[in-house]
> 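Just passing along the structure, written as structure tokens.
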There are 2 protein chains.
Amino acid sequence: MSKCEQCIVRQFSSLKALNKEELLRMADCKTSYTIKKGEPIFEEGEVTNGIYCIKDGICKLSKLSDNGKDQIVKLVKPGELLGQRSMISDEPANLSAVALEDMEVCFIPRSEVMQFFNQNNQFSMNVMRTICDDLKGADDHMVNMAQKTVRQRLGETLIYLEDTFGKNEDGSLHIQLSREELAGMIGTATESCIRLLSELNKSGYIELTGKKITLLDKNKLKRLT
Amino acid sequence: MSKCEQCIVRQFSSLKALNKEELLRMADCKTSYTIKKGEPIFEEGEVTNGIYCIKDGICKLSKLSDNGKDQIVKLVKPGELLGQRSMISDEPANLSAVALEDMEVCFIPRSEVMQFFNQNNQFSMNVMRTICDDLKGADDHMVNMAQKTVRQRLGETLIYLEDTFGKNEDGSLHIQLSREELAGMIGTATESCIRLLSELNKSGYIELTGKKITLLDKNKLKRLT
DNA sequence: AACAAAATATGATAATTGTCATACTTTGTT
DNA sequence: AACAAAGTATGACAATTATCATATTTTGTT
């Protein structure tokens with residue numbers, strides 16, 4: 001069993017506040033999983049009873065709307081934690097977490113995390129700041145959803161994907177989303193998403209090569225009307 | 001100067017965890033304000049340096065979008081606190097708070113609240129739970145904005161307003177929002193909002209009498225297509 | 001009471017977006 | 001290699017929503 005000390009999650013998440021002894025305790029009670037692309041880590045409404053450390057792979061946090069469509073609320077990358085809000089509110093998950101790539105995650109039971117939370121002030125402060133960041137992000141996201149057109153949201157989302165998850169050597173977006181998933185981020189119909197991508201392609205703002213998307217003019221993408 | 005002990009905010013907010021001594025300290029350093037309808041408590045980007053207790057009156061939390069429209073993110077009622085996220089993140093306000101009615105509020109300096117926060121575990125836990133609730137609410141709200149039609153959002157918003165702020169004796173909504181503000185909650189153009197209200201009026205789902213709105217069939221409003 | 005300003009209402013029209021149908025392409029499986 | 005299934009693409013059309021113009025009503029101020 002690995003010791004958590006060198007783990008990427010420890011470097012980037014709230015867990016950076018844990019001391020050696022706490023890390024050892026955590027290493028002792030953690031469970032490691034591999035999750036295949038497309039599989040859930042947990043689903044909306046499920047009692048999670050702990051938090052997940054994302055060691056490798058990207059996942060989506062989404063919620064099923066009444067109209068049957070899945071709205072993607074956030075993408076999560078290695079180094080981040082999942083389930084902090086549910087842990088603190090002591091509620092079932094509000095969102096589903098599904099792997100977009102093969103993933104490696106560790107599960108830490110609620111009881112253990114709550115001990116750190118109560119004993120280690122810096123850790124609990126880190127958790128709070130993360131949740132505050134999420135709240136700010138969600139408010140901003142909400143305003144965009146309410147006030148911007150689908151076309152604007154698509155442009156901004158493409159830029160976000162490049163800035164957050166990077167490019168391949170050929171310059172195309174590293175993260176691979178299906179058209180349906182991209183539509184689910186933007187909050188539109190899959191066909192509309194496909195159609196707008198085609199249009200941006202023809203206008204020379206992006207280049208579509210098979211499933212690959214390459215951003216050609218980020219400035220123009222930022223200022224779509 | 002009143003003593004905070006009997007204050008509605010103390011009963012309903014995170015502050016319920018404060019003991020008598022802490023309440024006295026708070027009473028000692030608080031500043032009371034009256035805010036007239038239409039005036040801001042604070043504005044987006046402003047450094048708040050403390051939290052506000054809402055003793056009386058309702059206010060809106062909103063954010064100006066690039067298109068020049070003001071999106072209302074949340075309504076806040078007496079008993080609630082404002083500025084908790086900014087206090088914890090140590091960041092300027094992400095949203096503007098503007099009075100929808102004449103208000104009475106108290107300001108507590110950041111330094112004081114952070115003392116309670118660090119010393120009183122129950123208080124900090126309450127603050128965290130509030131922020132977690134806000135995060136859940138914001139995620140759900142975002143999904144609605146992205147996936148529902150303007151008409152559905154209007155129906156649900158009207159029901160929310162009745163359920164949250166109650167009715168007058170004549171059955172009309174107690175809270176008074178301008179059409180522009182209602183449009184700002186729903187995320188649509190003012191004219192569209194007015195037009196849809198007219199339509200719901202003609203269909204007998206609601207009744208418009210001057211500025212007053214009365215919900216006649218909440219079930220049908222819930223299931224607008 | 002009279003007036004200007006703001007808010008509400010409605011019409012006409014354009015733009016955006018969703019839906020359904022269908023074709024084409026890619027992927028994975030046997 | 002062959003096939004089914006899934007994903008992507010595009011057309012045609014309908015529905016929704018925004019925009020601009022213009023009345024009408026309400027509100028606040030003098």
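So that the names make sense, note that chain A is the first sequence line, chain B the second, and so on, each numbered from 1.
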> Please name the pair of heavy atoms, one in B:F165 and one in B:H174, separated by the smallest distance, quoted to 0.1 Å.
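Scanning both residues, the minimum pair turns out to be O-CB, 3.4 Å.
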
> Please confirm whether the backbone N or O of A:Q152 pairs with a side-chain atom of A:T149, one donor and one acceptor, at under 3.5 Å?
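Flag set: sc A:T149 to bb A:Q152 pair under 3.5 Å.
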
> Which side-chain hydrogen bond (donor to acceptor under 3.5 Å, both in side chains) pairs, counting each pair once, include a residue from residues 215-225 of chain A, with sequence neighbours left out?
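Matches after skipping sequence neighbours: A:E162-A:K218, A:D163-A:K218.
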
> For the residue pair A:I186 and A:I72, establish whether any side-chain heavy-atom pair is separated by less than 4.5 Å.
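No; the side chains remain at least 4.5 Å from each other.
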
> Could you pull out every donor-acceptor pair under 3.5 Å between side chains of residues 35-55 of chain B and any protein atom, sequence neighbours left out?
residue: B:E39; atom: OE1; partner: B:K36; partner atom: N; Å: 3.2
residue: B:E44; atom: OE1; partner: B:L64; partner atom: N; Å: 3.2
residue: B:E46; atom: OE1; partner: B:E43; partner atom: N; Å: 2.9

> Could you list the residues that satisfy ring-ring contact (aromatic ring centres under 6.0 Å, His included) with B:Y205, not counting sequence neighbours?
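ring-ring contact (aromatic ring centres under 6.0 Å, His included) check on B:Y205 returns nothing, list empty.
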
> For DNA chain C, which residues in residues 164-181 of chain B have a heavy atom at a distance below 4.0 Å?
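Close to the strand are B:S178, B:R179.
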
> Please report the shortest heavy-atom distance between B:L208 and B:I206, naming the atom on each side.
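Looks like CD2-CD1, 3.9 Å.
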
> What residues from residues 183-211 of chain B pass a heavy-atom cutoff of under 4.0 Å to DNA chain D?
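Going residue by residue through residues 183-211 of chain B, the ones with a heavy atom under 4.0 Å of DNA chain D turn out to be B:T188, B:A189, B:E191, B:S192, B:R195.
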
> Distance from A:K148 atom NZ to A:E156 atom CD, nearest 0.5 Å?
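Those atoms lie 3.5 Å apart.
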
> By salt bridge (charged side-chain N to carboxylate O under 4.0 Å, His left out), which residues pair with A:R10, not counting sequence neighbours?
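Expected list: none.
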
> Filter on side-chain hydrogen bond (donor to acceptor under 3.5 Å, both in side chains), then keep only pairs touching residues 182-194 of chain A, sequence neighbours left out; what's left?
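Matches after skipping sequence neighbours: none remain.
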
> Give every donor-acceptor pair under 3.5 Å between a side-chain atom in residues 73-90 of chain A and any protein atom, sequence neighbours left out.
residue: A:K74; atom: NZ; partner: A:E80; partner atom: OE1; Å: 3.2
residue: A:E80; atom: OE2; partner: A:K77; partner atom: N; Å: 3.0
residue: A:Q84; atom: OE1; partner: A:S14; partner atom: OG; Å: 3.4
residue: A:R85; atom: NH1; partner: A:S89; partner atom: OG; Å: 3.4
residue: A:R85; atom: NH1; partner: A:E91; partner atom: OE1; Å: 3.0
residue: A:R85; atom: NH2; partner: A:E91; partner atom: OE1; Å: 3.4
residue: A:S89; atom: OG; partner: A:R85; partner atom: O; Å: 3.4

> Enumerate the side-chain hydrogen bond (donor to acceptor under 3.5 Å, both in side chains) contacts for residues 94-107 of chain B, please, sequence neighbours excluded, ordered by first and then second residue.
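Sorted pair list: A:D140-B:N94, B:K63-B:N94.
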
> Carefully, step by step, assess B:K212 and B:E207 under the rule salt bridge (Lys or Arg N to Asp or Glu O under 4.0 Å).
CA-CA 8 Å; B:K212 303 207 163 194; B:E207 187 175 78; over 6 Å; no

> Rounding to 10 degrees, work out the angle separating the end axes of the helix from C:dA1-D:dT30 to C:dT30-D:dA1 (five pairs an end).
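Here the helix ends are tilted 50° relative to one another.
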
> Take the protein atom CG of A:L224 and the nucleotide atom P of C:dT17, then report the distance between them rounded to whole Å.
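Checked: the CG to P distance equals 11 Å.
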
> How would you give the extent of chain A contacts on DNA chain D, as first and last nucleotide 5' to 3' within a 4.0 Å heavy-atom cut-off?
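For DNA chain D, the relevant span reads D:dG7 to D:dA12.
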
> Just how far is it from atom CG of A:D133 to atom CG of B:L135, taken to the nearest 0.5 Å?
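Separation between the atoms: 10.5 Å.
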
> Taking DNA chain D as the partner, which of residues 140-155 of chain B come within under 4.0 angstrom of it by heavy atom?
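When residues 140-155 of chain B is checked for heavy atoms under 4.0 Å from DNA chain D, the hits, listed by number, are B:T149, B:V150, B:R151.
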
> Between A:C4 and A:K30, what is the shortest heavy-atom contact and its length?
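Scanning both residues completely, I find the closest heavy atoms to be SG-CD, 3.9 Å.
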
